2 protein chains.
Amino acid sequence: MSGPTIYDVAAAAGVATSTVSRAFSQPGRVSAATRDRIVAVAAELGYRPNPHARALLSGKHHTVAMVVSDIANPHYFEMIRGAEMRARVSEYTLLLVNAEESPRVEWEQIQRLSPAVDGFLLAASRLPDENLRQVAAQRPVVLMSRELPDLTSVVLDHVEGCHQVVSHLASLGHRDLVYLAGPRNSWMASTRWAALQRAAEQIGVGARRIGPFTPKVTQGGAAADAAVNARATAVVAHNDLLAIGVMQRLAQRGLRVPEDVSVVGFDNIFAADVCTPGLTTLGGAHTDLGRTAVELLLTAGSRAADDPPRVVLPTELVLRGSTGTVATA
Amino acid sequence: MSGPTIYDVAAAAGVATSTVSRAFSQPGRVSAATRDRIVAVAAELGYRPNPHARALLSGKHHTVAMVVSDIANPHYFEMIRGAEMRARVSEYTLLLVNAEESPRVEWEQIQRLSPAVDGFLLAASRLPDENLRQVAAQRPVVLMSRELPDLTSVVLDHVEGCHQVVSHLASLGHRDLVYLAGPRNSWMASTRWAALQRAAEQIGVGARRIGPFTPKVTQGGAAADAAVNARATAVVAHNDLLAIGVMQRLAQRGLRVPEDVSVVGFDNIFAADVCTPGLTTLGGAHTDLGRTAVELLLTAGSRAADDPPRVVLPTELVLRGSTGTVATA
DNA sequence: AACAACTTGGCAACCCCTTGCCATCATTTG
DNA sequence: CAAATGATGGCAAGGGGTTGCCAAGTTGTT
């Protein structure tokens, strides 16, 4: 079934297995002549080191697991891409895991993989803080789009970002906004709401919250109806998927965007650029987020455990057609 | 670093390691009382079997690698999702690998992972046939969106699909179509062109090919210009990304879709639904494709090696606003 | 009571690779 | 020329779990 082992190579080259092993892992310990011969024989036999056997002893698997709270959301796409690219540079393998928005599934997957990976990337984890600390006690962990004081994390600057959003809406004349909230157990959802509230207060506009909603296009209908019912002139949706769903429903009901209602999303997914009108959304360097997270994970061993890094990446408000001046009724 | 082993459990329970092992893997071989005690002790200690150690002996890793030719394409998203879901059901781990559209990278990644996985899912592989056979000789392989006589594959029905596309355009009065081709080393690209040609011939319309183009939005500009230059009334783009890029460029040049030019894409990605006009595109059950591919891979051992299954899944032409009757100039 | 038949548990080898330690051989130095 | 030094390769253990084989223990039979 499997390929040749170092035993085969050793036999074919007429040396001990240890010599073969060292020829690859400690080139200095073997004479050039012997090494060349071994390498040649290995190549001829098509020998590939078995990473599992290696991991068994070293404890290093050269693998990191990325657990995504819902892989159906295109938002994670860029993060996955960035993570994959960075991992590949270091010849690490990226294991992709879907938690299906379920803390239980997430926990089980983590426990199952724990002995087999060098660390975890948890993207928008739905686990309670307590569980996150437990995971971190077993393996290095980097949180993505979530923060916890004692853990390493990478997030976009939601405080600044939400300020940009509110400021933008205020400058268009909106005196009031409605936040269509994300899932209850989403750290991002509560953080955004807090940041929006604070920004609204500073800027002097009102802010209300409706929800929670599962952040999918299909939920946009209910969210839109609720927003209309609340007589909102500006809605800030938890993410672009929800925002797009909201816009679809508004169009269906004959309401114009942005003339009647302005809509803002989060994440700047690809579809936000091509929908009509284009969706104003708070974007950020998601690829960098993925890249940085892997970077932090791979270098986790070389840092003091106390005061772990908490990277905050800049956001950018991408203005498109979905926001406009408030109607002067 | 790592958790407790069966040695720890054995010591704590006062039995031999083999008994612990059997308590989990061959429940019948151990008395219920002993097993209960072992399970209890294991749970208390937080014992998790080490999958690598297990794989070392059994050769089964409970892991499949999915190699995607370009992870930036949302099209793969659904396939990844389907694959991930099916793998999880069987408690298999899905390893996601990006080939970056490079046959070399793809080959290296496969070789690197080969000893560590139970099989490969190759999505739209860019490798030459020869290399695919080599991979298949080492490990079970399932091709996705690609066919090769001696290998297992899952594809959408491009023959029927392309017929639908051409038939649709013909019924709108188009006498001629232009195919904006995908990458040169893409099996899909040449297959689509062949199927389009054949359908065009049967239906009695003309078909021309322009390209190749890298199937990304940014390439849509050049593709659109070339199509306009060719006086096309209907363009069939290699995929939705390219089609969306084409539509953007056409709008920029003041050409109306579908009044001046009809546009058709492939894949039915999410953005095709929200762009303006909506993109008519040939979709299919991509989630099923991913699911089926894993299914076939996991059951690969229980089939005869000759005459491997070649699953063809149905397509559906999704009609949206980007196609219309040809202008009666 | 003696023995057969069956159940349960333990020993030890094995999977593949790494590595500490030691033996061997060659080279250098006094 | 002997002894010290260094370069090189081999032996064997170990890492976590599995499994063939055998021993001990249990139950049943005559």
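The chains referred to below are lettered A, B, ... by the order of the sequence lines, with proteins before strands, and numbering in each begins at 1. What you are looking at is a predicted structure, and each value in this text was computed from that prediction instead of being measured.
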### Task
Report the nucleotide, chosen from dC17(C), dT18(D), dG16(D), that has the shortest atom-to-atom distance to any side-chain atom of Asn50(A).
dC17(C)
#### Entry: Non-neighbouring partners of Phe77(A) that pass ring pair (Phe, Tyr, Trp, His ring centres under 6.0 Å), sequence neighbours left out
Phe77(B)
## Note on the structure
So the ring pair (Phe, Tyr, Trp, His ring centres under 6.0 Å) pairs with at least one residue in residues 9-36 of chain A (sequence neighbours excluded) are Phe24(A)-Tyr47(A)
### Message
Could you tell me if Arg112(B) and Thr93(A) have a donor-acceptor pair between their side chains, going purely by distance under 3.5 Å?
### Response
yes
### Query
Who are the side chain to side chain donor-acceptor pair (under 3.5 Å) partners of Asp129(B), not counting sequence neighbours?
Arg146(B)
### Spacing of His52(B) atom NE2 relative to dC17(C) atom C1', expressed in whole Å
14 Å
### Task
Under the salt bridge (charged side-chain N to carboxylate O under 4.0 Å, His left out) rule, collect the residues that match up with Glu108(B), sequence neighbours excluded.
Arg104(B)
### Query
Applying ring pair (Phe, Tyr, Trp, His ring centres under 6.0 Å), which residue pairs with at least one partner in residues 91-123 of chain A are found, sequence neighbours left out?
His62(A)-Tyr92(A)
### Task
Whole angstrom is fine here: how far is it from CG in Leu57(B) over to P in dG15(D)?
18 Å
### Task
Kindly say if Ser21(B) contacts the phosphate of dT18(D), meaning a side-chain N or O under 4.0 Å from OP1 or OP2.
yes
### Task
State which residues pass side chain to side chain donor-acceptor pair (under 3.5 Å) with Asn185(A); sequence neighbours excluded, sorted by chain then number.
none
#### Entry: Where protein sits on nucleotides 6-12 of chain D, one letter per nucleotide: B base, S sugar-phosphate only, - none, heavy atoms under 4.0 Å
--BBBBB
### Task
Nearest whole angstrom, please: distance from the C1' of dC16(C) to the CZ of Arg48(A).
16 Å
#### Entry: Shortest side-chain distance from Arg54(A), nucleotide among dC16(C), dG16(D), dT18(C)
dT18(C)
### Query
How long is the line joining CD1 of Ile38(B) and C1' of dG17(D), in whole Å?
14 Å
### Task
State whether Tyr7(B) places a side-chain N or O below 4.0 Å from either non-bridging phosphate oxygen (OP1 or OP2) of dT18(D).
no
### Query
Starting at CZ of Phe24(A) and ending at P of dT19(C), how long is that distance when rounded to a whole Å?
15 Å
### Query
Any chance the side chains of Glu101(B) and Ser69(B) put a donor and an acceptor closer than 3.5 Å?
no
### Query
Which part of the nucleic acid, if any, lies within contact of Tyr47(B), taking any heavy atom under 4.0 Å across all strands shown: a base, the sugar-phosphate backbone alone, or nothing?
sugar-phosphate
### Query
Could you give the CD1-to-C1' distance, from Ile6(B) to dG9(C), as a whole number of Å?
14 Å
### Task
Report the residues that fulfil ring pair (Phe, Tyr, Trp, His ring centres under 6.0 Å) with His75(B), sequence neighbours left out, ordered by chain and then residue number.
His286(B)
### Task
Could you tell me, to 10°, how much the axis swings from one end of the helix from dA1(C)-dT30(D) to dG30(C)-dC1(D) to the other, five pairs per end?
60°
## Note on the structure
Whole-Å distance, Lys60(B) NZ to dG16(D) P, equals 24 Å
## Note on the structure
Atom CG of Leu56(A) and atom P of dC16(C) are separated, to the nearest Å, by 12 Å
### Task
Output yes when at least one side-chain N/O atom of Gln26(B) is less than 4.0 Å from OP1 or OP2 of dT18(D), else no.
no
